[in-house]
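First the structure, in the form of structure tokens, and then the observations on it.
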Amino acid sequence: MTNRRPLVIIPAYNEEESLPAVLKELAEQTPGYDVLVVSDGSTDRTAELARQSGVHVATLPFNLGIGGALRTGFAFAVRRGYERAVQFDADGQHDPLAVQDLLDGLDRGADMVIGSRFAEGGAVTYEVSTIRRRAMRVLQWLVKVLVRHRFTDTSSGFRAFSRPMLEYFAHSYPVEYMDSVEALVQACNAGFRVEEVPANMRGRTGGAPSTRKLKLVYYYVRLLVVLLVSTTSRSQRARRTAQRDGDAESDSESGQA
Amino acid sequence: MSTSAHVLVIVLAAAVIAFIIHLVRSRRLRAKYSVLWFSIGLGLAVLAVFPDLLVWVSDLFGIGYPPATFMLLALSFLLVLALHFSWELSRLEDRTRALAEEYALLREEVEERLGQRMPDGSG
């Protein structure tokens, strides 16, 4: 059972303010996409409103964090036979029409396509504070050291995934905070092809940034530790790359470790 | 060690063992932990009855102050135990997480078939 329609996965935690507009925009501008909202233990009407708008809704019994919500979405995509899926924000900062740019990346053979706020040709409008920019620089540098490739936007939550990538992430997507950076390193180390395309992003239409500052610093340090001590060894990467080169089509099987 | 202190330590060790037995009998302690705690209780009891054993071991390792030997053993044991519990906790969290994800997917399927949202439970 395969499904050629792209699946848009929207992790949502108490997003009743912004979600309806996001879903409406998706339905109007990209009617060819299926949509799954993963309500991540929301205590407001997030799941109810999503259900009313006629999209798929997976309701987590308690808050797992964005990584857990995404993993649920990936498992859904795999079980329903979707060939491609896109991670999309519930707060309205992603443009439905830009999804096609990510999907084009998949068609070029990439397993994961990242919509970058900072890639050349991308957003000049996206403003971040100095501290945040520095923190992102450190991450960018660390990722470069770990995977030997320079990504301009390591923490972007606007991404598309191929079927093999979905199968891999359905059971091994990182569940710690700032999952996107770890996921990027994981995918590269596992031998998947990761590509960046420029993507414009807008300001948030509702809801508050998910975390307070001090907590953010703590999570940031935690992520650095995780990145430094974890992630698969070089030998494992080599093995996977070899496997991939030998038999590109059966890549989906090797993800089932 | 004075006789009264000796008796006190023996009574304490016996009480610990009795409490462990009670927990296991009332099935509030899983078997894998009961073995662990029984060996600890037994070790305590042996040391309580033969305190000279500690002196002997201390001499063997060249530790001049026997209670330090006891502290060292106790501390290392607790450290290993805490680490073990962290590991166990991580595993439990992973399982809870997997269950939650599975629940969400199954619920989605049920709701899709019924064509309506299930009422929210306790959350």
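Chain A is the first sequence line, chain B the second, and so forth, proteins listed ahead of strands; every chain is numbered from 1.
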> Of all the residues in residues 55-72 of chain B, which have a heavy atom that comes within less than 4.5 Å of a heavy atom in chain A?
Replying inline: none

>> So which atom in B:Leu105 and which in A:Thr72 form the shortest heavy-atom distance, rounded to 0.1 Å?
In response: CD2-O, 3.7 Å

> For B:Arg91, does the CZ atom have more than 12 heavy-atom neighbours from other residues, nucleotides or ligands under 6.0 Å away?
Replying inline: yes

>> So, using salt bridge (charged side-chain N to carboxylate O under 4.0 Å, His left out) as the criterion, who are the partners of B:Arg25 when residues are at least two apart?
In response: none

> Of all residues at least two apart in sequence or in a different chain, which pass the ring pair (Phe, Tyr, Trp, His ring centres under 6.0 Å) check with A:Phe76?
Replying inline: A:His56

> Rounded to the nearest 0.5 Å, how far apart are OG of A:Ser39 and CD of B:Glu108?
Replying inline: 12.5 Å

> Can you tell me how far the CD atom of B:Glu102 sits from the CG atom of A:Leu60, to the nearest 0.5 Å?
Replying inline: 11.5 Å

> B:Glu112 and A:Arg80: salt bridge (Lys or Arg N to Asp or Glu O under 4.0 Å), yes or no, with the steps?
Replying inline: CA-CA 13 Å; B:Glu112 207 118 297; A:Arg80 298 289 172 95; 3.7 Å; yes

> For B:Phe19, does the CZ atom have more than 12 heavy-atom neighbours from other residues, nucleotides or ligands under 6.0 Å away?
Replying inline: no

> Is any side-chain N of the basic residue among A:Arg79 and B:Glu109 closer than 4.0 Å to the acidic one's carboxylate O?
Replying inline: no

> Rounded to the nearest 0.5 Å, how far apart are CG of A:Leu64 and CD of B:Glu93?
Replying inline: 10.0 Å

> Among residues 94-101 of chain B, which ones touch chain A with a heavy-atom distance under 4.5 Å?
Replying inline: B:Thr96, B:Arg97, B:Ala100, B:Glu101

